[in-house]
Engineer: 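Pasting a structure below so you can have a look.
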Protein chains: 2
Amino acid sequence: MFRLTRDGEYGVRAVLHLSANPLAFCGMREIARAQGIPENYLAKIMQQLARRELVRSRRGASGGYALARSPRHMTLRQVIEAIEGPIFLNVCLIKKGECPRDDICPVHDVWRTAQKKLLQALDSRTMEDLVRDGLKKARRAGKKLNGADTRQPREAG
Amino acid sequence: MFRLTRDGEYGVRAVLHLSANPLAFCGMREIARAQGIPENYLAKIMQQLARRELVRSRRGASGGYALARSPRHMTLRQVIEAIEGPIFLNVCLIKKGECPRDDICPVHDVWRTAQKKLLQALDSRTMEDLVRDGLKKARRAGKKLNGADTRQPREAG
DNA sequence: GACTATTCGGACTTAATTAGTCCTTATTAT
DNA sequence: ATAATAAGGACTAATTAAGTCCGAATAGTC
């Protein structure tokens, strides 16, 4: 019903957490705790993000996750679509000629522009932007950003 | 997952069908057949539309449904929200202060503008507009608009 | 007034999706 | 070797989606 799922929400939080310190590997437990996500649940989501190559993983002792590319080149939309699959506001938009009413249905065009607007908004800010926004908001609220700024990089690269 | 449900899709089709001939009462069976909707399913949807007063009903022989207000003053958004409830792209938008992260979460603002854009698009065209668009498209496609233009008004008002 | 067509209202069903949990295997630093 | 950690998949419970069915209410017609 037009609502972001928890998969998406948690995924965004996790990527944002990593974006605050883009080169550092960060354990799943830390992400889960800092972002208020059930650990085992987050595991599934991180796997998906790794498969879609938004994130790199390292197993074993002191393993964890790091961003696979620069937060300058990662938008909210990319994160969400990596997890939930491509966004289509209506089935009739999924594939050209999918819906037999396309050539007479006047609503189709409205959906198309609505979707375009939505995607534009989700593409309009990169993870880098959002980290910056978050720091600004946190400063204004006189709070800390869930320890994201206290983390120690384990290894760069 | 960000997709219009069949309830919404069918509801829009039904209202659009009625909008083609705004003063006429039209039987449910006719709407269902013309728009390719299971009759019993449509019944539920029409009841909802009637409860929300987008549509008036008349029972008994030669009963049916008619628009409750002018198609000039009914937008796609109104129809969809009547059926699916208000649109919120993320839970954090449902109520101010709902999400405890609001004051530090940088994503919140993106959702807010994305939602605004989406709603603007869905509000941008009235049912009247859409009927006109449909006729134009149908003409171009050399087809008829599902018999909607051949109906006889049963009773005005 | 009886009959018939039609909507109203709700109960019911089935399948898919959402939101997790849990356990075993593979990998890696020490 | 060992301990820590991610990968992968099986499993569950709750909710939503998509429909079906049926009896009661209502309105036009004979």
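Each chain gets a letter, A, B and so on, in the order the sequences are listed, and its residues count up from 1.
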Engineer: Can you tell which of D:dA7, D:dT20, C:dT21 lies closest to the side chain of A:Asn40?
Structural biologist: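 Looking only at heavy atoms from C-beta outward on A:Asn40, the closest nucleotide is C:dT21.
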
Engineer: Can you tell which of D:dA18, C:dA19, C:dC8 lies closest to the side chain of B:Gln47?
Structural biologist: C:dC8

Engineer: Counting distance only, does the side-chain N/O of A:Gln78 pair as donor-acceptor with the main-chain N or O of A:Thr75 below 3.5 Å?
Structural biologist: yes

Engineer: Can any side-chain N or O of B:Glu84 pair as donor or acceptor with the backbone N or O of B:Asp7 at less than 3.5 Å?
Structural biologist: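 A pair under 3.5 Å: no.
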
Engineer: Expressed in angstrom and rounded to an integer, what is the separation of B:Gln48 atom CD from C:dC8 atom P?
Structural biologist: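 One finds 12 Å between P of C:dC8 and CD of B:Gln48, rounded.
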
Engineer: Given that A:Pro38 and B:Ser57 both sit by DNA chain C, which one's nearest nucleotide is further toward the 5' end?
Structural biologist: B:Ser57

Engineer: Any donor and acceptor pair, going by atom type alone, linking the side chain of B:Arg3 with main-chain N or O of A:Phe88 inside 3.5 Å?
Structural biologist: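 Side chain of B:Arg3 to backbone of A:Phe88, a donor-acceptor pair under 3.5 Å: yes, one is there.
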
Engineer: Reading DNA chain D from 5' onward, which residue's closest nucleotide shows up sooner: A:Ala50 or B:Ala61?
Structural biologist: A:Ala50

Engineer: Rounded to the nearest Å, what distance is computed from the OH atom of residue A:Tyr41 to the P atom of nucleotide C:dT18?
Structural biologist: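 From A:Tyr41 OH to C:dT18 P: 9 Å.
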
Engineer: Ignoring hydrogens and angles, tell me if any N or O in the side chain of A:Arg125 forms a donor-acceptor pair with the backbone of A:Leu130 under 3.5 Å.
Structural biologist: no

Engineer: Can you give one letter per nucleotide of nucleotides 12-17 of chain C, 5' to 3': B if a protein heavy atom sits under 4.0 Å from the base, S if only from the sugar-phosphate, - if neither?
Structural biologist: ------

Engineer: D:dA18 C1' sits how many Å from B:Glu9 CD, rounded?
Structural biologist: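 Value for this atom pair: 14 Å.
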
Engineer: State which of D:dA7, D:dG19, C:dA19 makes the closest approach to the side chain of A:Arg6.
Structural biologist: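 The listed nucleotide nearest to A:Arg6's side chain is C:dA19.
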
Engineer: Report the nucleotide, chosen from D:dA6, D:dG8, C:dA29, that has the shortest atom-to-atom distance to any side-chain atom of A:Ser62.
Structural biologist: C:dA29

Engineer: Whole angstrom is fine here: how far is it from CZ in B:Arg51 over to C1' in C:dC8?
Structural biologist: 9 Å

Engineer: For residues 44-51 of chain A, which side-chain N or O atoms pair as donor and acceptor with protein atoms under 3.5 Å away, sequence neighbours left out?
Structural biologist:
{"residue": "A:Gln48", "atom": "OE1", "partner": "A:Arg51", "partner atom": "NH1", "Å": "2.6"}
{"residue": "A:Gln48", "atom": "NE2", "partner": "A:Ala82", "partner atom": "O", "Å": "3.3"}

Engineer: To the side chain of A:Met28, which of C:dA19, D:dG19, D:dA6 is closest?
Structural biologist: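 Nearest to the side chain of A:Met28 among the choices is D:dA6.
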
Engineer: Would A:Tyr41 and A:Tyr10 count as a ring-ring contact (aromatic ring centres under 6.0 Å, His included) if you check the C-alpha gap in whole Å, the side-chain angles of each, and the deciding distance to 0.1 Å?
Structural biologist: CA-CA 9 Å; A:Tyr41 195 9; A:Tyr10 291 161; 5.6 Å; yes

Engineer: Checking B:His17 side chain against B:Gln35 main chain: does a donor-acceptor pair fall under 3.5 Å?
Structural biologist: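 Judged by distance alone, no pair lies under 3.5 Å.
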
Engineer: Does a side-chain N or O from B:Arg58 land closer than 4.0 Å to OP1 or OP2 of C:dT7, or not?
Structural biologist: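 The answer is no; no side-chain N or O of B:Arg58 sits under 4.0 Å from OP1 or OP2.
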
Engineer: D:dT26 P sits how many Å from B:Phe25 CZ, rounded?
Structural biologist: 16 Å

Engineer: Rounded off to whole Å, could you give me the CZ-to-P distance for the B:Arg13 and D:dA18 pair?
Structural biologist: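 Between P of D:dA18 and CZ of B:Arg13: 12 Å.
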
Engineer: Within the distance-only criterion (no hydrogens, no angle test), does the side chain of B:Asp129 pair as donor or acceptor with the backbone N or O of B:Thr126 below 3.5 angstrom?
Structural biologist: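 Yes, because the side chain of B:Asp129 sits within donor-acceptor range (under 3.5 Å) of the backbone of B:Thr126.
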
Engineer: Answer yes or no: side-chain N or O of B:Arg59 and base N or O of D:dA25 forming a donor-acceptor pair under 3.5 Å.
Structural biologist: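 Checked by distance alone, the answer is yes.
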
Engineer: Just N and O in the side chain of A:Tyr10: are any of them under 4.0 Å from OP1 or OP2 of C:dG20?
Structural biologist: yes

Engineer: Between P on D:dT5 and CE on A:Met46, what's the gap in Å once rounded to a whole number?
Structural biologist: 15 Å

Engineer: If I take atom CZ in residue A:Arg56 and atom C1' in nucleotide D:dA7, what distance separates them, rounded to the nearest angstrom?
Structural biologist: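 About 17 Å, once rounded to whole Å.
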
